[in-house]
Amino acid sequence: MASTALRLNRTNKYDVFLSFRSEDTRHSFTDHLYKALVQAGISTFRDNDEIDRGQELKPEIEKAITESRAYIIVLSENYAKSKWCLNELVLILEQRRNFNHFVLPVFYQVDPLDVRNQQQSFAIEAKDGVECSIWTKDNVSTWKASLTEVADLTGLVLFSGSEVDFISKVVDTIDCKLDLKLVSTPAHLTGIETRGESITSWLNDEEPSDNFLAICGMGGSGKTTLAQHVFNSNKHKFECSSFLQDIGRDHRQPNDLLGLQKQLLTDIIRGKNIKISNVCEGTNKIEEALQSKKVLIILDDIVEDDELAALLGKKGVHTQSKIIITTRRLDIYAWFGSLSRRCWVHKLELLNDYESVKLLSFHAFGSKIPMEGFEDLAVQLAKYCEGNPLALKVLGSSLFVSAEDPINSMIEIWSSRMNSLKSLKGDIDSKIQCVLQKSFESLPYPSDKELFLHIACLFIGAKKDAVATLLEDDYQAKSGIMTLINRCLLFITPTGTLAMHQLIQDMGRKIVCDESKDVAKRSRVWHDDESYRVLRKGDGSETIEGLTLNKQKVKQGVRSKPLSLKTPSHVKMKNLKILLLYNVKLYGSYKKNFPDLRCLGWYGSPQKTIPTGLFVSSLVAFIMTFGELEKFEPPTVLISLKILNLAHCPKLVSIRNLHRLPKLETLSLCTCTSLTYLCKTIGNLENLSKLNLTGCNKLWKASLNKYVNQLEKLKAICIGGGILDEQLLFLPRSLKFLYLGFCKVERNSDIPLVFHAQSFFYLSLEGNLFEFLPNKIDLNMLRTLKLNNCANLKSLICLPSTLEELYTDWCTSLEKITFQSARFKLQKFGYEGCFKLSEIQGLFKLVPIAKLDEAYLGHMKWIKAYEDGKVDLVGDVITKGRIWRLQMLFEYGIRSTFLPGIKDQSMMKSEYMSSSPCLSFHVPLCPNKCKLQGLNVTVLYRSLCEDKDQDMWGLFVQISNITKGITWMYNPVVYCKPKVDEDIVWLSYWPIGNILDAGDEVSVSSLPGVGMTVISGCGASLVYVDDGEVKQEENLENNASGEEVIGGDLSEFEVKKDRYYLCRRDFFMSKTSYQLKKLFDDTVHYPVSQGWRKSRHSTLFYEAYQHNQDTLKDSDRKIRCVLGVSFNNESEVDKVEKAVYSLEGVESVEIHKETGRLIVIGHVDPVKVETCVREFEKMVQTIMIMSNGGGDSATEEKVAGRSIFEHSGWVYHLGTNSLKREYCHRRYLHIKGKYVMMYKRNPHEHPSTKPIRRGVVGHTLVLEELGRRKVNDDDLHVLKFSNRLDEEKKGEIACATAGETRKWMEALEQAKKQAEYELSQSSNTRNKLSMETEINLGRHGRRQRVKQYASGVKRIISTKRGESLVRRSLSFGASRTIVEFCEGDTADVVEEHEWKCVRMSHGVRIFEDVSGYKGTKGVLVKAVADMEASTAFVFEEILSLHRHQKYEWDVLTSDLELVDSISRNSDVIYGSYDPRYLTRWKAALTEVANLTGMVVSGYAISILF
């Protein structure tokens, strides 16, 4: 595939040259073959058809041969009698040798042996005479050699049978070998293999109802390139294929669509001269063709649905055909819906940071990594491109640096270009602009284009709902935003804000900049310097519709003071609709300044009251946050105002005359901590949908001055003992979002609100002090409930069935949650830090064994003896931060428990047992007066290695009634973390008695999930009950009919009829489809690339975090982070302040104890701020994050966590030892998270195998593909890994194919991402430093020392197989028996040490084990010498060095991979100077010597080979 581009850019005129004997086959076989080749679209040369009359024949033949890519030689009876044919053959074979052209010999009615041996009709001899001068000895010798050579090639033979079938076989062979329809792909493809995996999997899936796939993405994202790669890689699997490129461009002319139809039909039918008179006729013919053949079709750059309809029609296609579409539209699925077809939409993932730098470097430096001195600039430029391949290619090529260029000068050029791109002035390369602007030009309405420009210039980072409300009347923004999203011009972040790819935004701004060179004549002004000049100059503008000015970014003026501008400067802006000011002071008259203003945003306004002139009737949004405002009282009716945002005005006291805002939809008063009066006319606002009173705690408290004490009025009791209605604040029924967080509400009566929603709504009560939910808010229509940080909340009882999202993080007193419905319906659920929570109805329940009596436990009552035992439960956030005693887990009707460290396992003996992970049995007849109740299942498992940082283990248990065809696969929500060398017992009871009948075959199997876990055994026992208990059991089953339990309704867990996957975690994510087939069988069809549908945790948690990371890590973005904190004492306040100030990027910290607020400003990560504060104050919650003084982007959802990536397989480990000798070993490599382990044998197949090396991937990892290399006479593809901070830390692995190498490269990149993520989560400097260690596949560190070594040697000796002491390297051809024997535990004990060379003398090197504490006794010592040195010489040299030490030595010939990796000619001599082992070993070795022919002389042991 690497040579595809070269082949397609060839100068070859013909695909195939036909060489044949005219009188034999011209008008028969060759004529039919030629026609078949042409119909298949293969350009074919045949002498008299292709040579113009009047030209000489021979030169044209020679030219045709050199201009062809392949050759078919029809060897017929008289072929060798033609000197013309023989000369053609010589030239053809010369082309094959020189250019590797393909030659296909066709033996037509002749024997290949006759051709090879030049016999029968192929016997040729030299001839004498002038007329026969061509038949010279030299020529004949050459022809004979050519005939022998062509006969030795793989060809096709026809003696009898159908010529039609034979010709078809010839055509298919040529088509396959030449791969004629490969499409050209760009050079330096990066990340394409990974992105094509899921599509290739879809292509291989022959499910008939899923024939269409759409690759969607922004312009330049690589959609076409991916389609080309997939096409080239998979076209051979189909009968025929077609790639129609640039459809959106080519159909602009009337006849272009007709031409595309002809090309498509030609490719499908493989015919010539396709005649179509109109598009409708073409569509009909295409429909007929698609129903009869298995085809692969790529339709590139579809823009409109009429193109799709014309090229595919509306009828069905062949069940195994696959059609791939590339488009910039995400709503393409709607087109297929109208045709009653299914289409899988595949949104293309842009390049990650590593891939971006790599692709950029290819085009800028001609290498995979940046040139020295350009590293930071390359990273910055790649970050600007945000993973867009086109931009990376164009910018990289435009900044190409060669070895001859002056480095300093080129660095300056790069810096200049980078500054230009960051200027926010819309600078963008014209090639990129041209591609991206196609999406803009394709927008259907002018209003969509204006909306796009408004968002690109003014509203990136703003809330989607607010912008939609603001611009709806002018631009139909609600539908327009959806149009922009579907055209890949806009996306919505998980926090609900508008976002664009950086290049898309620059493209939009460039369009505005091109309106005029004069800023005042443009429609929008967003660059702060330009905005300031326009306003300061005061000339105004007739064209400006939107303007934003941030005082902190203006270079002119004094930064320490607010910029002061005269209000008359706005008078001449007649068309100004949007004005956004940040910390700007205006003075002068406000009358008639803003005649057509729609949005006024004045952040940090110094005004105490709002000037009357600002209340213009056209206002839709009024925003005055972080200001000095004290009261709000509109003097007149504002008929258009829909958004009023006065948040973070700490001096605001009262809100009056809200009835003058009849169309108000959003009212935000967040953290207006002095607010004491909110007028009751709010209840009359029939359009109000969002009310934010977060942090307005004084609104509910008594006032000592003139303002009304609403709380006291609320407590006034009327004569009847009730509360007067007029004392309550009634909220309008139109509300959909109500925020009452951090209001210090302690009791139900503390909220004087009455609210009955008429539609589903969102309610936030987080950070309050109540124990139970307030009862004055009707929850029957509740959709989302947020209760984070309600530390006193004890229970949530009977939550409404309408609830879809529930957030209870850090409700530290919460114990129980129940719902009106027995089914668990929550789509999102957060409960981190709920340290007392043990029951979630419909999900699971954990009950301590100590609280269950023996009567309830029944046949499991013996576990009561272990009720006080500790168990290390993991797998779910509910397990974190708690010390667990033995628990009973209730889930899906299954009850189970984990028992660690059980020494006496006699009580666990099962009726059916197996030492493997699976067993099967037949159900016997039921005992008298008993009924089969269920099945007890026991699983024993342990870990292969200690990994304290890894909690993502897993256990899957499958129960199948093979007779009835029913299968349950169960993954417990929590499980005991496995230990090394100790079995964990999982004991469970399955209530499946009513599904088991006598004679049924039942199988039980278990397997670990991710993690190095091994199943030690399993067991099963049938459970019976007496007849007296049967009725009670039946009642329980009837009650469970509506629940998601066995015996209830498990329909949503059914992956295939009677196949149930009982799991609520997205364990396998995008690989769920593949894993479900693996867990069940290949007939299970689950949507490709989708996670598990019943996963209760949404990926939006991590996406929200990633978005904030991507947004807030930008050095140009300063944020204001507001946290709610419950400060307990003064000392804690000081500690918090000091700790937060120590975080990188923090500029200022403000603590307001009375309001419970912590405000942090700077270039800082808000997640790190909250984590830092939580170390001192558990009651903390991020309330608000403001970026660049702009839109509100509150981080309200916690990061749920990351799945742990794993990859394993066989590789070749390469290196050079200290003797400068190369080694190459086949090793099993396992990557898990950031950890890497290397084994001699597959640990899954050989559980006792221990890792011989291990390492940690860090964020400084550098990977490089070194290409193909000759290693031990084999061609291997080598991958190098190194640490960019430490050149000594490096290594190489190799694979047999380039594809395998790339997969390992991707795997190591994933490990690096995990390391970067963990590093980003850590505020500990030590953790950061430890991440610099990088991969270093060295020894284990502390290992067993001399006692275990001695024990290991003793075990070898005790086998009385002395030959195992002579362990020869694989290079010496050791027998398999010896190798396998020495690669077990014993060999691991012997070899796993950390050696240090302490002495070198006469070629003998002395090593000591430094892995453990070096005492005066018991230290393991090793000597290494060349094989040429005699063993006696080695001992003599050793003993002369250590006269005061007595050593005992044994000899092992080893590959030295843990000493010096490999040395083909070395002895390894192990010993110990622990005197306790001398006599024992000497006696044992003497016995071995008698058996094996060894001679023991003193301390020297000679080996007789």
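No hydrogens, no waters, no symmetry mates; every other heavy atom, side chains included, goes into these values. This chain uses plain numbering: 1 for the first residue, then up along the sequence.
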Worksheet item: When you check the gap from the basic side-chain N to the acidic O, do Asp429 and Arg417 get nearer than 4.0 Å?
Response: yes
Practice prompt. May I ask you to say whether Arg522 pairs ionically with Glu515, meaning some side-chain N is under 4.0 Å from a carboxylate O?
Written response: no
Item to complete: Please determine if Glu450 and Arg524 form a salt bridge, counting it only when a charged side-chain N lies under 4.0 Å from a carboxylate O.
Response: yes
Fill in: For Tyr475, the option from Ile455, Ile481, Leu451 that meets side chain to side chain contact (heavy atoms under 4.5 Å, CB included)
Leu451
Worksheet entry | Closest heavy-atom pair and its distance - Asp506, Leu421 | OD2-O, 4.4 Å
Worksheet item: Is the closest basic N to carboxylate O distance between Lys510 and Asp514 below 4.0 Å?
Response: yes
Discussion item. Is the distance from the ring center of Tyr603 to that of Phe626 below 6.0 Å?
Written reply: no
Worksheet item: Any idea which heavy atoms bring Ile544 and Met573 closest together, and the distance?
Response: CD1-CE, 4.5 Å
Practice prompt. Taking all heavy atoms of Gly387 and all of Leu392, pick out the closest pair and write down the distance.
Written response: C-CD1, 4.3 Å
Fill in: Salt bridge flag under 4.0 Å for residues Lys574 and Asp596
no
Worksheet item: If we ignore angles and hydrogens, is there a donor and acceptor under 3.5 Å between the side chains of Thr671 and Thr673?
Response: no
Worksheet item: For Ile413, does its backbone N or O pair with a side-chain atom of Ser416 as donor and acceptor, under 3.5 Å?
Response: no
